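I have placed the structure first, in the form of structure tokens, so that the comments after it can refer back to it.
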Amino acid sequence: MRGTEAGELAARARDGDGQAFRELVEPYRRELHVHCYRILGSVQDAEDLLQETLLAAWRGIGGFEERASARTWLYRIATNRCLNALRAGARRPLTDHRPEVPLPEPSHRRPEPSWLEPYPEMMLDEIADHVPGPEARYETRESVSLAFLAALQELPPKQRAVLVLRDVLGFRAAEVAGMLDTTESAVTSALKRARNTLAHELPSADRESAPLPESPRERRIVDDFVRAFESGDVDAIVALLTDDAWLTMPPLPLEYQGPAAIGHFLRTVALREAPRFLLVPTRANGQPAFGCYQSDPRTPILHAHGVVVLTLAGDRIAAVTRFLDNSLLTVFGLPRSLREGRR
């Protein structure tokens with residue numbers, strides 16, 4: 001949006017023109033949603049905070065003096081709303097996920113449940129093509145990957161916000177300081193600590209090793225996984241894994257690492273009565289994903305059983321993330337149930 005056009009819309013909005021306000025903020029709606037998602041880790045919480053941001057912007061439009069762009073002004077509101085939500089612990093309550101059978105001892109147990117949720121690819125495609133500023137370190141695809149989002153959740157809220165604003169969106173230190181009502185030196189210090197933490201939390205694998213989205217190489221790996229999973233062939237799934245692959249099941253704080261641990265989990269828990277599942281392909285966070293459905297031998301109906309996301313590295317699978325919240329299927333435009341024989 002050209003500066004003169006934005007200025008005219010802002011002036012009309014300050015005079016109470018609701019349509020002008022909508023035209024002013026609409027180009028940034030989806031990228032603000034993704035911004036809230038990066039900070040909160042939840043696509044559903046992000047929707048709530050986006051609505052709060054737009055309401056706060058409308059109520060505060062009279063104070064928007066255009067010292068910064070409308071985009072920067074909106075990011076300031078959104079970031080602070082997210083930080084306030086994190087400080088207040090105002091998160092959606094975890095639904096009950098009692099395992100049907102006792103779970104094997106995990107390779108690692110996190111101290112807290114995981115709030116991370118997958119983000120539908122179709123929503124990412126709606127982001128306007130804003131080129132990140134020169135300070136940006138991460139490409140868009142990398143900055144929405146599950147590995148990056150999981151690492152972000154390990155940061156304190158303010159460090160999380162600073163790293164996203166500086167290294168993902170490319171805002172200058174002075175701009176971030178203005179957004180957060182702090183000093184440039186405080187921003188620089190928070191960014192340094194955040195980068196150090198991310199260096200330890202992010203996987204060390206080559207960032208470029210994953211197959212290109214929708215490429216023949218990616219489709220081959222995905223097709224092999226679907227055939228193995230739907231047929232309950234644990235050995236075939238294990239053969240697809242990297243030596244240090246992870247299996248996680250947000251919100252459960254349990255993590256299984258390595259083919260042996262993951263294979264044992266699949267045999268004793270997830271696929272113990274296979275074949276029982278149908279995988280419906282979709283995409284999340286720039287990665288292959290599936291709506292998972294479980295068959296019921298008493299009826300021809302398959303019921304929702306969460307969302308599965310694959311992280312690929314080379315010709316193997318580096319992580320399988322099984323999201324247990326069935327409400328996520330509707331976020332991906334998938335039904336809560338299917339009839340046998342239909343995908």
Side-chain angles (χ1 to χ4, degrees), residues 33 37 40-48 91-103 113-125 144 146 149-150 222-234 237 246-256 262 265-311 317 319-343:
H33 190 269
Y37 168 69
L40 300 171
S42 163
V43 65
Q44 299 176 86
D45 287 340
E47 181 61 33
D48 291 345
R91 311 300 299 273
R92 292 174 179 271
L94 287 173
T95 52
D96 188 14
H97 293 290
R98 290 195 182 99
E100 299 173 3
V101 298
L103 301 182
S114 171
W115 288 102
L116 187 61
E117 294 177 350
Y119 198 93
E121 190 84 352
M122 57 189 174
M123 295 166 70
L124 289 172
D125 291 341
V144 294
L146 284 183
L149 269 295
V222 169
D223 289 346
D224 287 346
F225 176 81
V226 170
R227 280 193 297 270
F229 195 92
E230 291 186 342
S231 64
D233 189 342
V234 174
I237 295 174
W246 287 93
L247 169 66
T248 57
M249 298 165 290
L252 297 182
L254 311 178
E255 301 177 333
Y256 298 86
I262 294 173
F265 179 89
L266 294 175
R267 290 187 180 91
T268 58
V269 180
L271 299 177
R272 69 188 188 282
E273 297 176 13
R276 301 174 62 199
F277 295 104
L278 176 73
L279 298 180
V280 177
T282 183
R283 294 192 69 83
N285 301 79
Q287 301 168 223
F290 313 90
C292 186
Y293 296 86
Q294 185 175 16
S295 64
D296 183 343
R298 298 165 297 181
T299 73
I301 302 299
L302 295 97
H303 300 285
H305 211 263
V307 174
V308 177
V309 182
L310 302 182
T311 300
I317 297 171
V320 179
T321 309
R322 177 77 170 272
F323 295 93
L324 301 176
D325 185 353
N326 289 329
S327 68
L328 291 170
L329 284 151
T330 58
V331 177
F332 282 81
L334 296 173
R336 294 293 292 265
S337 62
L338 289 173
R339 281 192 167 272
E340 291 278 6
R342 295 187 62 185
R343 288 183 181 264

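All values below come from the heavy atoms of this structure, side chains included, with hydrogens, waters and symmetry mates left out. Every value quoted in this text rests on a predicted model; they were computed, and no experiment measured them.
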Is it true that a side-chain atom of Gln287 and a backbone atom of Leu310 form a donor plus acceptor pair closer than 3.5 Å?
yes
For a quick test of reading the model, state the closest non-hydrogen atom pair linking Gly232 to Leu271 and the distance between them.
CA-CD1, 4.3 Å
Out of curiosity, Leu279 CG to His305 NE2, how far, rounded to the nearest 0.5 Å?
11.5 Å
Going by side-chain contact (heavy atoms from CB on, under 4.5 Å), Phe290 matches just one of Val307, Val280, Leu278, Val226. Which one?
Val226
Applying side chain to side chain contact (heavy atoms under 4.5 Å, CB included) to Val144 and Leu124, what does each step give before you reach the verdict?
CA-CA 9 Å; Val144 294; Leu124 289 172; 3.9 Å; yes
Heavy-atom donor-acceptor pair, Gln294 side chain to Phe277 backbone, under 3.5 Å:
no
One pair to check against side chain to side chain contact (heavy atoms under 4.5 Å, CB included): Leu247 and Glu255. What are the steps and the verdict?
CA-CA 6 Å; Leu247 169 66; Glu255 301 177 333; over 6 Å; no
Side chains of Asn285 and Val309, heavy atoms from C-beta outward: is any pair under 4.5 Å?
no
Which heavy atom in Leu324 sits nearest to a heavy atom in Pro251, and how many Å separate them?
CB-CD, 4.3 Å
Treating Ser295 as the side-chain partner and Arg276 as the backbone partner, does any N or O pair qualify as donor plus acceptor under 3.5 Å?
yes
Determine whether a donor-acceptor pair (N or O, by modelled atom type, separation under 3.5 Å) exists between the side chain of Asp296 and the backbone of Leu302.
no
Spacing of Met122 atom CE and Asp125 atom CG [to the nearest 0.5 Å]
10.0 Å
Starting at CE of Met249, measure out to CZ of Phe265 and round the result to the nearest 0.5 Å.
3.5 Å
Approximate separation, where rounding is to 0.5 Å, of Glu117 CD and Asp45 CG
6.5 Å
So, using side-chain hydrogen bond (donor to acceptor under 3.5 Å, both in side chains) as the criterion, who are the partners of Tyr293 when residues are at least two apart?
none
side-chain hydrogen bond (donor to acceptor under 3.5 Å, both in side chains) partners of Thr282, counting only residues at least two apart
none
Mind listing the closest non-hydrogen atom pair of Val269 and Pro102 along with its distance?
CG2-O, 4.0 Å
With a cut-off of 3.5 Å and sequence neighbours excluded, list every side-chain donor-acceptor pair involving residues 327-337.
unit_1, atom_1, unit_2, atom_2, d
Ser327, OG, Asp325, OD1, 2.7
Ser327, OG, Asp325, OD2, 3.1
Thr330, OG1, Ser327, O, 2.7

Closest heavy-atom pair and its distance - Val308, Cys292
CG2-CB, 4.3 Å
To the nearest 0.5 Å, tell me how far Leu116 CG sits from Tyr37 OH.
5.0 Å
Please report the interatomic distance CZ(Phe229) to CG(Asp224), rounded to the nearest 0.5 Å.
15.0 Å
Which atom of Ile237 lies closest to which atom of Ala228, heavy atoms considered
CG1-CB, 3.5 Å
Please name the pair of heavy atoms, one in Tyr256 and one in Ile262, separated by the smallest distance, quoted to 0.1 Å.
O-CG1, 3.8 Å
